[in-house]
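Here's the structure, in structure tokens; my notes come after.
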Amino acid sequence: DEDITTLTDAEILARFRNGSRLSPEDHPFTENGPRFITRNTIGKYSDDISRVSYPNEAFVLEVLRDHLTILVPNIRRLVPIEEQGRFLMVTDYIRGRQLSLIWPTMSDEEKAGIAKTLKGELEEWFNGRREIASWIPGTRDPRPPGDPVIPKFDSSYPLVLTHQDLNPLNMIVGDDGHHTLWIVDWGWSGFYPEWCELVAMKRQAQNEELVWERKDPSWDAIINEVCGEYPNPVEFLRLIGSRGALYCG
């Protein structure tokens, strides 16, 4: 494959703008998303909502790569797009298919195997993410400045790294024949109370029902197993209303 380090930022941006998109047969709903830079790398825009000196998703991917064994794409290049105030991130292309395509056709045994794989891969993350918080210099009150209405997060749970968009569209089953599971699209990730992952995953499952126009009880059934159960997490989201989308999915 072509060495990505030999390309200039301008060449990478040009390849992205003119590059081919991911196959819709393997990666549906990515029409406006990643494009190939080389045969084994893809580019995607960072999801940061304001100008940043370093994109959030790239930072999280590097933290996961350096400290845990979760299967995530490697960051190969970051290309600043000055006029837009964001970055183009170039990552390894993960060969495989979205879990969203495979899950409905699986047998109960195969689904149990995927659930076990997902739980196993996330178990280290769930157990280790309390430690991850200690790698980050400080935390921030998630409330808008001067907003007395929104309560602080429940202090009985620590702020931990959460993905915030765990759903079958953001999981790739590798084509290695072993159902290797990769977790992608960390653009909404951040540090929140650990129960936020449960609420976000349930919300994303509801979104999937709208996208696919079908409900899959077998996917809903694994969410509590993967994320754990917490008392009254929805009550907090009710209090923060529509702004909850910024905090927990």
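It should be emphasised that the depicted structure is a prediction, and the values quoted were computed from it without experimental measurement.
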Under a 3.5 Å distance rule, please check whether [X] uses its side chain to pair with a backbone N or O of [Y] as donor and acceptor.
X      : Y      : result
Arg65  : Ile75  : no
Gln98  : Pro28  : yes
Asp175 : Arg97  : no
Asn56  : Trp188 : no
Asn18  : Ala14  : yes

[atom2] on [Y] to [atom1] on [X], rounded to 0.5 Å:
X      : Y      : atom1 : atom2 : result
Glu57  : Thr91  : CD    : OG1   : 8.0 Å
Leu64  : Ile70  : CG    : CD1   : 7.0 Å
Ile102 : Met171 : CD1   : CE    : 12.5 Å
Arg77  : Ile12  : CZ    : CD1   : 3.5 Å
Ile42  : Lys44  : CD1   : NZ    : 8.0 Å
Gln206 : Asp220 : CD    : CG    : 8.5 Å

Subject >> Contacts of Lys202 that satisfy salt bridge (Lys or Arg N to Asp or Glu O under 4.0 Å) - sequence neighbours left out >> reply: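 With neighbours one apart ignored, the set is empty.
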
[X] and [Y]: side chain donor to acceptor below 3.5 Å:
X      : Y      : answer
Tyr54  : Glu62  : yes
Arg95  : Asn40  : yes
Glu109 : Ser107 : no

How close do [X] and [Y] get, counting heavy atoms only, and between which atoms?
X      : Y      : value
Leu78  : Pro55  : CD2-CG, 3.8 Å
Glu11  : Thr6   : OE1-O, 4.1 Å
Glu25  : Leu101 : O-CD1, 2.9 Å
Leu99  : Pro104 : O-CD, 4.4 Å
Ile183 : Pro73  : O-CD, 3.7 Å
Gly43  : Leu88  : C-CD1, 4.0 Å

Side chain proximity check, [X] to [Y], heavy atoms < 4.5 angstrom:
X      : Y      : answer
Met89  : Leu61  : no
Cys227 : Met201 : yes
Val184 : Val72  : no

Subject >> Neighbour count above 12 (heavy atom, 6.0 Å) for Asp108 CG >> reply: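 No, not enclosed.
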
Original post:
Please walk me through it: do Thr41 and Tyr93 pass side-chain contact (heavy atoms from CB on, under 4.5 Å)?
Top reply: CA-CA 5 Å; Thr41 61; Tyr93 169 56; 5.8 Å; no

Is there a chain of hydrophobic side chains (I, L, V, M, F, W, Y, each step under 4.5 Å between heavy atoms) that links [X] to [Y]?
X      : Y      : result
Val199 : Trp219 : yes
Leu22  : Val90  : no
Ile94  : Ile4   : no
Val60  : Trp182 : no
Leu71  : Val173 : no

Original post:
Considering residues at least two apart in sequence or located in another chain, which fulfil the side-chain hydrogen bond (donor to acceptor under 3.5 Å, both in side chains) criterion with Asp216?
Top reply: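 Counting only residues at least two positions away or on another chain, Asp216 forms a side-chain hydrogen bond (donor to acceptor under 3.5 Å, both in side chains) with Trp103, Ser218.
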
Subject >> Pair His163-Trp186, side-chain contact (heavy atoms from CB on, under 4.5 Å): steps then yes or no >> reply: CA-CA 6 Å; His163 183 283; Trp186 292 78; 3.4 Å; yes

**OP:** Determine, for Arg15 against Glu2, whether the closest basic-nitrogen to carboxylate-oxygen distance falls under 4.0 angstrom.
**Re:**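 Judged by the 4.0 Å cut-off on N to carboxylate O distance, Arg15 and Glu2 do form a salt bridge.
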
Original post:
Checking salt bridge (charged side-chain N to carboxylate O under 4.0 Å, His left out) for the pair Asp92/Arg76: CA distance, chi angles, key distance, verdict?
Top reply: CA-CA 7 Å; Asp92 290 334; Arg76 302 287 296 277; 2.7 Å; yes

Original post:
Going through the distances and angles, do Ser20 and Arg35 end up as a side-chain contact (heavy atoms from CB on, under 4.5 Å)?
Top reply: CA-CA 6 Å; Ser20 59; Arg35 297 186 184 187; over 6 Å; no

Original post:
Please walk me through it: do Tyr45 and Phe16 pass ring pair (Phe, Tyr, Trp, His ring centres under 6.0 Å)?
Top reply: CA-CA 10 Å; Tyr45 288 123; Phe16 176 77; 5.0 Å; yes

**OP:** Verify side-chain contact (heavy atoms from CB on, under 4.5 Å) between Ser46 and Arg86, making sure each step is shown before the conclusion.
**Re:** CA-CA 6 Å; Ser46 61; Arg86 60 178 174 175; 3.4 Å; yes

**OP:** Using the test ring pair (Phe, Tyr, Trp, His ring centres under 6.0 Å), find all partners of Phe87 that sit at least two apart in sequence or belong to another chain.
**Re:**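 Expected list: none.
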
